[in-house]
Every structure is written in structure tokens, then in C-alpha cells.
Protein chains: 2
Amino acid sequence: MSHDGATLTARAFKDAVYEQFARITKALASPVRLELVDVLAQGERTVDALAREVGQSLANTSQHLRSLKEARLVEARRDGTFVHYRLADPQVIEVWRAVRALGERQLAEIERTVAAYLGDAGGFESVTADDLQRRLADGEVVLLDVRPDAEYRAGHLPGARSIPVGELAERLAELPPDATVVAYCRGPYCVMSYDALAILRDHGRRGVRLAEGLPDWRAAGRPVQGGHGLG
Amino acid sequence: MSHDGATLTARAFKDAVYEQFARITKALASPVRLELVDVLAQGERTVDALAREVGQSLANTSQHLRSLKEARLVEARRDGTFVHYRLADPQVIEVWRAVRALGERQLAEIERTVAAYLGDAGGFESVTADDLQRRLADGEVVLLDVRPDAEYRAGHLPGARSIPVGELAERLAELPPDATVVAYCRGPYCVMSYDALAILRDHGRRGVRLAEGLPDWRAAGRPVQGGHGLG
DNA sequence: CATATGCTCAATAGATTACTTGATCAAGGC
DNA sequence: GCCTTGATCAAGTAATCTATTGAGCATATG
């Protein structure tokens, strides 16, 4: 019960427990590893693809993945000479989303950083997932996935068309000229949909942005079309 | 759009955004600071109280609180010679809960650590919040808050009686002799309810444990009686 | 078997973090 | 004003973390 021995045991118990949880938070305590988690929330990737995506060297990316793997946040699968990494548990996305939600509430710097980037492109209208479903039901809008084709194929919003942002300028003809386009990409801090809206605007089209990305849509329990999830 | 200049800007934007979020994860990347957050989830505390609770020196605790404060996870309030710290946002609890949920799913070590501690005390039955509400409605059980009195006063489960675990042995007479006691404390890794159950068992009483603590109860949107929340 | 590709590992230097100690500061009581 | 209490600050050491470099390993191909 509560003699000295038990008190010491209780302290050792707490130390051990918090040490275990700190393994997770330590693994996430790096901007590079947070970005890796954010990208992996879209689906599995090779080390090389991840390195290019986050703008780090191959060796450095491999080592960051190693520390994520040691904390069991990601898993690896070998396929020939390629090693594909994926999130080990959907709950990893929940942790990242909780951190993001906190940051959005607490850190005004993020708002300013976003505003500084958007300063180039101008403020674009964004809609919520509920808005989108209402407007889709009314047939008012065209839903556009501007992520790379592979990500679209790995899963996308029901009824979305795929035109990667890099091909949008050439493939504008595929979109009905007078429809409002709702563009989405990976998440609230993914710039692809902003870039897409700038292209649409430069060609006289009307476009708005879905505030969240595919992982957020999925996390809200909404249906996803195609693809095989993320393990 | 996507000429080289914009690409560089996009990279700088991402770097800045992930850097901001990493401020949060870095602040949580320490077992001591995780424990501080866990304790502060119960309500505000002085530096001295926190230092004793987490078993660290005053200076070290103060410095850990400083880094939590810089990341805006906690706020401080001076009252005479005392400084009271509290969580800056309820969303901080959500992050901690998400980390805990991930750890419970991923890290078998935690199970083993818990089992090792409970090995002393024997496996005790635990009930969920839903179980509890059903059994309370049936009048089968007595709900007992075994946390320190100050925490009980800062907020407790509706209908709970307060007997801090340190006083339980002397105050057993206050409990109806043949009722089943449901004991709860701060959370799933708080040892007070385990200690309380051991005392009850040693005196021939029947007791079970509520699996979660007050912050979890509150986070689930269930009503809390008394107290003023946690800012 | 030799070679190329995709990735991991080991060694290193520079930066950051953790805890201790002793000094300092702020507020209240005498 | 002086002393006490509660907390912060500054300095120092040990430990840990980050990114780079170059070597090494596994798998596939000619």
C-alpha cells in the first residue's frame, strides 16, 4: 500500500511509463520527421521519394525514418531494391492532427507564415467538408484532386477528378468552363491547391479550396473512393 | 505557380510551418514534461507542488515549465510569492491523450511495465465510464474519488465522495460495508486507485477501478461537478 | 561474375538539451 | 529595513541529437 517501498515503486513505475510515451514525442520532435509523417499520411513511399519530397539527403532521410521506425510510428516493406515506408498505425495521424490543431490555436506565427506565402497568391476562398457535400449534392461544383496521380489512385474523395497541379494549365479544357472548381490536396498546409487556384484564376476560371486534405476527410469518417488505405 | 522561384518559396513555407509545429512536439519530447502536462491536466499547481509531484528539483522543474511556457502549452499566474501554472489550452490534453492512445496500441512495453507494478497488488477489475453510469443508475455502487482533497474540490465526477487514498484506511467506516466501491483518480497510469483497491481488499471490501481519470471523463464531454475547470 | 541501384550504417563535428549548483529576484512578514 | 519564502536565472558539464560524408549491403540486371 503506501509504505516507503511502495512509494519508490510508484515513482519507478511512473518514470517507466512516461519514458515510454516520451519515445513517441521524441520521435516527433523534429520538423523533418513531422513532415515525413505528414507525407506518409497520404500513403506509403520509398525512401527516395520521401527524401525528394522533404528536401533532405537520402542518408539523412533514411536515418530519420529509422528513428520513426524505432518508435514504431512507421513500418517498412522491401520490394526488390526499393523499401517502402508507411505509418504503422492510423492513430499516428490522430496525434499529428492533434498537434496541428493545437498549433493552429496557439501559435499566431503560423497564421503569419501562411499569410506571408499567400501574399504572393492572394487570399483564396476555402470551404469546409460540410459545405462541399452540400454543394456537390446541388451539382454546383466540380471536385478536383490536384495531387500527383499516384496519390489519387491510392485513394481520393468520392466523385473527384484527378488533374495533378503540374498538368493543370494544359488540361484546363477537361473542366467545364463555367463550373466552380473545388480543389483539394494533402492538407491545410499543402501548397498544391493554392497553386492550382492561382492557375485557374489566371485563366479566368472560378475556384475555391477545400480547407482540409484527404487524411482529414478520412479521419472524419467520411468515405474514400479507390485505393487500399495506408496500413 | 511552379517556376523555380515559387518552388523555393514553397519549400521555405513548408520549413516554416513544420518548424512551428515542431515547437510543440519538442516541448513534449521529455518524460518530465509529459508528466507535468499530465499533472496539470488535473488543474493548476504551484512550481513547488509540481516539483514534488514529479520528483525533480525546483530549479529543474522551473526550467521545464519555462520551455513548456515558451511553446505556449502552459501559462503562469503569480499570487503573492507563489506562481501557479496551468495548461494554456484544453487542446493540450487532447494531444497528450492522442499520444497516450498511440502508445497503448504500439508499445507492448507499457503493458509489461503496468503488469510489473500490478504484480505487487494483483490484477484488479476495472470498469468503463459507460459501465459506471449504468451501475450508478442502478444504485449498486459507491463512487469514490481517491485523489487529494484539493483536486476533488477543483472538480469531480457527479455523485463521487472524496476520501484521499492516504486517509482511506482510517475512514473506511464512512463507506457502506456491503457496497461495491468504484474508485477513480487521475488517469489510467495513476497509481492511487490501485493503492486504494489494495486497501479495500485488505479490509475485506469489494472494489473496482474506473479505467480512466477525471480529464478523460471531461474530454469525453461528460458532466463534471464543482470546480472551475482548468483554464 | 561484374555492375548498377536503392538504401543503410558508421564516424564525425557542431549544435542542442538535461540537470546541478549557487546567485539573484519578487513579494510578504517582522 | 531585514529576513524568509517561492521561484527564476546563469554557468557549467555531460549527454544527446542533427546532418554530412563515405563505406558497405541487398537485390536485380547484363
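Proteins come first, then strands; the chains are lettered A, B, ... in the order of their sequence lines, and each starts at number 1. For the numbers below, each heavy atom of this structure counts, side chains included, while hydrogens, waters and symmetry mates do not.
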Self-check item: Stacked cation flag B:R209 on B:Y194, 6.0 angstrom / 45 deg
Solution: yes
Practice problem: Applying salt bridge (charged side-chain N to carboxylate O under 4.0 Å, His left out), run through A:R11 and B:E35 and close with a yes or a no. | Solution: CA-CA 12 Å; A:R11 179 42 37 216; B:E35 185 168 2; 2.8 Å; yes
Quiz item: Is there a donor-acceptor pair under 3.5 Å between the side chain of A:E151 and the backbone N or O of A:Q42?
Solution: no
Exercise. Report yes or no: does B:R100 contribute a side-chain atom to a donor-acceptor pair with the main-chain N or O of B:Y189 at less than 3.5 Å?
Key: no
Quiz item: Would you call A:R222-A:E212 a salt bridge at under 4.0 Å N-O?
Solution: no
Quiz prompt | Check ion pair A:R33-A:E70 (N to O, under 4.0 angstrom) | solution = no
Whole-Å distance separating the [atom1] atom of [X] from the [atom2] atom of [N]:
X     : N      : atom1 : atom2 : result
A:Q63 : D:dG22 : CD    : P     : 15 Å
B:E70 : D:dT8  : CD    : C1'   : 13 Å
A:L65 : C:dT8  : CG    : P     : 7 Å
A:F82 : C:dG6  : CZ    : C1'   : 7 Å
B:E35 : C:dC19 : CD    : C1'   : 16 Å
A:L50 : C:dT8  : CG    : P     : 10 Å
B:Y18 : D:dT18 : OH    : P     : 18 Å
A:H84 : C:dT8  : NE2   : P     : 12 Å

If you only use heavy atoms from C-beta on, which nucleotide in [options] is closest to the side chain of [X]?
X     : options               : answer
A:V47 : C:dC7, C:dA10, D:dT21 : C:dC7
B:L58 : C:dC19, C:dT8, D:dA7  : D:dA7
A:T46 : D:dA7, D:dA10, C:dC7  : C:dC7
A:D48 : C:dC7, C:dA10, C:dT21 : C:dC7

Exercise. For A:L172, check side chain to side chain contact (heavy atoms under 4.5 Å, CB included) against everything at least two apart and list the hits.
Key: A:L168, A:L175, A:L200, A:H203, A:R205
Quiz item: When you check the phosphate oxygens OP1 and OP2 of C:dC7, does a side-chain N or O of A:S62 lie under 4.0 Å from one of them?
Solution: no
Exercise. State whether A:Y85 places a side-chain N or O below 4.0 Å from either non-bridging phosphate oxygen (OP1 or OP2) of C:dT8.
Key: yes
Quiz item: Taking N and O atoms by type only, does the side chain of A:Q56 place a donor or acceptor under 3.5 Å from a partner on the base of D:dT20?
Solution: no
Quiz item: Around B:R66, counting heavy atoms of other residues, nucleotides and ligands shown, do more than 12 lie under 6.0 Å from its CZ?
Solution: no
Listing time: all N or O pairs from protein to nucleotides 16-18 of chain C that are below 3.5 Å?
residue, atom, partner, partner atom, Å
C:dA18, OP1, B:R33, NH1, 3.3
C:dA18, OP1, B:R33, NH2, 3.4
C:dA18, OP2, B:R33, NH1, 3.4

Practice problem: Can you label the angle between the A:Y152 ring and the A:H156 ring as parallel, tilted or perpendicular, going by 30° and 60°? | Solution: parallel
Quiz item: Does A:W96 have its ring centroid less than 6.0 Å away from the ring centroid of B:F21?
Solution: yes
Practice problem: Starting at the 5' end of nucleotides 25-30 of chain C, put B wherever the base has a protein heavy atom under 4.0 Å, S where only the sugar-phosphate does, and a dash everywhere else. | Solution: --BS--
